[in-house]
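Residue numbers start from 1 in every chain, and the chains themselves are labelled A, B, ... in the order their sequence lines are given, proteins ahead of strands. Heavy-atom basis, side chains included; hydrogens, waters and symmetry copies ignored.
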Amino acid sequence: MTSLSENLKYVRSGIGEPDYGTPASTSEELVSVTIDGITRQVAAGTSVMRAAGEQGCSIPKLCATDSLEPFGSCRMCVVEIDGRRGTPASCTTPVEDGMVVRTQTAKVAKLRRNVMELYISDHPLDCLTCPANGDCELQEMAGVVGLRDVRYGYEGENHLEEPKDSSNPYFEFDGSKCIVCNRCVRACDEVQGTLALTIEGRGFNSKVSPGGLNFLSSECVSCGACVQACPTSTLQEKSVIELGMPTRTVQTTCAYCGVGCSFNAELRGDELIRMVPAKNGGANEGHSCVKGRFAWGYASHKDRVTTPMIRESIKDEWTVVSWEEAIGYAATKFKEIQAKYGDNSIGGVTSSRCTNEEIFVVQKMIRAAFGNNNVDTCARVCHSPTGFGLSSTFGTSAGTQDFKSVAKSDAIMVIGANPTDAHPVFGSRLKKRIREGANLIVVDPRKTDLVKSAHIEADYHLQLQPGTNVAVINALGHVVVTEGLVDEAFVNERCDRAAFDRWAAFIALPENSPEVVEAQSGVPAQAIREAARLFAAAKNGAIYYGLGVTEHSQGSTMVMGMANLAMATGNIGRDGVGVNPLRGQNNVQGSCDMGSFPHELSGYRHISDNAVREQFETLWDVKLMAEPGMRIPNMLDNAVSGEFRGMFVHGEDIAQSDPNTKHVMHALESMDLVVVQDLFLNETAAFAHVFLPGTSFLEKDGTFTNAERRINRVRPVMAAKNGKQEWEIVSELATAMGYAMHYDNAAQIMDEIASITPTFANVSFELLDRVGSLQWPVNEKAPSGTPIMHVDGFVRGEGMFVETPFVPTDERANRKFPLLLTTGRVLSQYNVGAQTRRTENSTWHPEDILEIHEADALMRGITDGMKVAISSRIGETILKAQVSERVPAGVVYTTFHHPLSGANVITTEFNDWATNCPEYKVTAVEIRPADSSADSVNTLDDVLMKA
Amino acid sequence: MDVNVLIRMADQIEKNMPFAGNKAELVATHLVKFWTPVMRADLYKEVTSRPTDFSPVMCEVVEILHSQANAVLPYGGLKGSSEA
């Protein structure tokens, strides 16, 4: 096949990205087609429009764009085909073998001009003052077809007075400029899957409508797909309206969730105008969500601190100092602490929001300059059980698939995850597959949008009680084993047979039957049986899961339970199957890969492995401790008891994100030195003595690794506002502590990572810049990366079945605390909200809300919108109640995006048995209407005072 | 570190340890792999000071830990068990 043309015109979806009008065909069959005298081999199923575009011969178009299926409504793309009558639309006509097409004839030219004349007769002629001037397909096409006059005049009935809808904080809808091409409606349907838009009315009265009053009050999720698809200025980013068209672009990676979308950052000079999802992004393929697309303004928010600061006591005011003074102060203090309390009295936390390169140097600083292994990462509180569970069963600490894989799944089980809110771009892929007919099983205490929303309905919603995941996964396994649904060939060929036999005997026990589990979990036995049969019978069954799996006292056990089910049903090692963690933050995978855990070095190799450790010692020219260091909860516990005195907190807000806030704050205020490196003075910084300003993702140079193990480049879009890259700051701190560390650039750090990490062996910035992205392992065996893991065999050799007895959590509902609180995210906010709260996203979610079932509300005299006090045995906080059908009786739900809510004031010290991942998802609570003093709660300290 | 926290953690590991084999050895291996030496030593001290308050498995665990205190970590005992 010929390569895609570099010269293709008719571009709007981002600066410089070609638009071939229709999606690429996936057919492997080739046909011969002649277009404008050039004969080429083209994949069967390719549209004439795309085939022409691929050879550099652009056909005019308006309703076509290559992210959407062909529609054939605008009649601009007509062509002549030998042997065919009339002038077929090239977008809806697939190539055929031997076809001869002529795209530029007098006949089609006249037709196109006449069509364009009609469009322009009902369109404002304000091109020079239009925000889309220079980036408008209608404007460009009018030029292409040679329109010089509109014979009908402009006085007739028209839509030029259509009102604007400016309700959405990020984009505007100007109905006067709409040509009713349907691209926005189809983008909402096909790409996003929300179906919020429609064409209202018929004929001349047809117009785009979001339903309801306006865009803001509609079902629209502000993903931006409609704005991107619009060929005119009808749907336009407000930033473009205000600032003008961008003039240059830098491709980079979003810093929100673990999907890791690629974006073209479009700028005028150094001013960021908009972020447009990149069509060549491996994870997102041109789609985005409201966070990545629009919520980047926090990077230049007035709260941003860009100068280093120090203070002797946390009761003192901050003093702005030079970098040298701040780093020198921190280094001296750390050394003094170690001299007084021992080498192990300090440690640090790496951040999943930072790049692989930044994380690598932080853990290196701790191991080499601090001289201990007291390094941990925020993955401790989210996906640490994923690593333990998947490496125990499969042999590696990562999900098995790429995101594209879901398009081949026939039965999809989503457990403890809410991808339409928390991983929206993957959620859209998943919904698309469901609309195509795949079956869906949702295992969740809450009715998420996947359970039922527009054109989506789960076949089974196993609405279990929080804390009973393992019982339910065992019951599913029980059905598979006892009803003869095991894929024996897969098990015999790929798995440890003796381990399988042990597991099969265990899982067949009556205690794991759906009928017994029904009493524990509240899930009807029949539903479990039918769901298990559905999953086992599917050609391709895939499991996707989130923190609703991991953040439990049996999080690691549950991960192994899912791995057991996938292996027993033969669903590992090919497209459409697998066990897939939906990682919370942008670089959770990377932070783990980079050796952030206290017991292992990069590439998941234990610190006690002499051969591995010696490699690092040689490379780093330092002796490393051979024993595991402290995990975050160990550090905090030891801080309270006075043995741990100093901490480097890299881009995390543990005071807000970690459980049992009171305990965390007590630990932080007990330390002699807390160094925070962040964009903002967050809740943790309230306990800091040194503040080192960080860089936003728009300023970083490095890589993120997403949930599908995809290593993506993060490129500096603008100069660092603090004047330094974070790896420079960390290197200077290490050097000031006596361990010389220096890099000229981030590429050198990646080269060091690659030199010592087998799964990254062939990775370099140069290669990434050349190929776009790579999924590890990337080494001699897999120079182009590894989209699907365990294809020919498990990383550990044979798949390991592990018995997973259900051990109920110690956190139980009782008479004093009769309800179970579980937590999650909403679409518009992100984690502790440090970024999204500083954007217009708070329009949709200005405060955290407590969802409560009607029966529980009624019993307590609680009504919708009422302030309520939520108390656990740990503490109490105040939230606004929302009576909701999403949660069952006995369960309440909230988010943790706002520090004021203090959701973690009430979460407990219980955690996963293997990894200490906190049990955020189960807290026994009681709710009561809040008294009038609740109104005075305005700081987290106030909340704590009430705890 | 509060020894009660260590005891709760160790007890939870014993209760949940899913792998096939000698439970005391598996728990001990887990502690060697993921706990700091100080945490292990503190647990040993606590369990041996009042053994009747602990399960026979936990008593055996701390004996294994004690015997390995200066030995090379049995790397490979839980091959591939990571946390990431």
Heavy-atom pairs under 4.5 Å with chain B, option from A:Asn634, A:Thr557, A:Val640 with the top count
A:Asn634
In terms of heavy-atom proximity below 4.5 Å to chain B, should A:Ser553 be classed as side chain, backbone, both, or neither?
both
To the closest 0.5 Å, what do you measure between NZ (B:Lys33) and CD1 (A:Ile607)?
12.5 Å
Residues in side-chain contact (heavy atoms from CB on, under 4.5 Å) with B:Pro37, at least two apart?
A:Glu627, B:Arg40
Quick check on A:Met560 against chain B: is it the side chain, the backbone, both or neither that has a heavy atom closer than 4.5 Å?
side chain
Contacts with chain B made by residues 799-811 of chain A (heavy-atom distance under 4.5 Å), listed by residue number
A:Val802, A:Glu803, A:Val807, A:Asp810
Which residues share a salt bridge (charged side-chain N to carboxylate O under 4.0 Å, His left out) with A:Arg497, sequence neighbours left out:
A:Glu488, A:Asp501
CZ of B:Phe34 to NE2 of A:His606: how many Å apart, nearest 0.5 Å?
6.0 Å
Side chains of B:Arg8 and A:Glu909: closer than 4.5 Å at any heavy-atom pair?
yes
For residues 11-21 of chain B, which side-chain N or O atoms pair as donor and acceptor with protein atoms under 3.5 Å away, sequence neighbours left out?
residue: B:Gln12; atom: NE2; partner: A:Asn911; partner atom: O; Å: 2.6
residue: B:Glu14; atom: OE1; partner: B:Ser55; partner atom: OG; Å: 2.9
residue: B:Glu14; atom: OE2; partner: B:Ser55; partner atom: OG; Å: 3.0
residue: B:Asn16; atom: OD1; partner: A:Gln554; partner atom: NE2; Å: 3.0
residue: B:Asn16; atom: ND2; partner: B:Gln12; partner atom: O; Å: 3.0

Could you measure the distance from the OG1 atom of B:Thr36 to the CG atom of A:Asn372? Nearest 0.5 Å is fine.
10.5 Å
Measure the shortest side-chain to side-chain distance between A:Asp637 and B:Met9 over non-hydrogen atoms and say whether it is less than 4.5 angstrom.
no
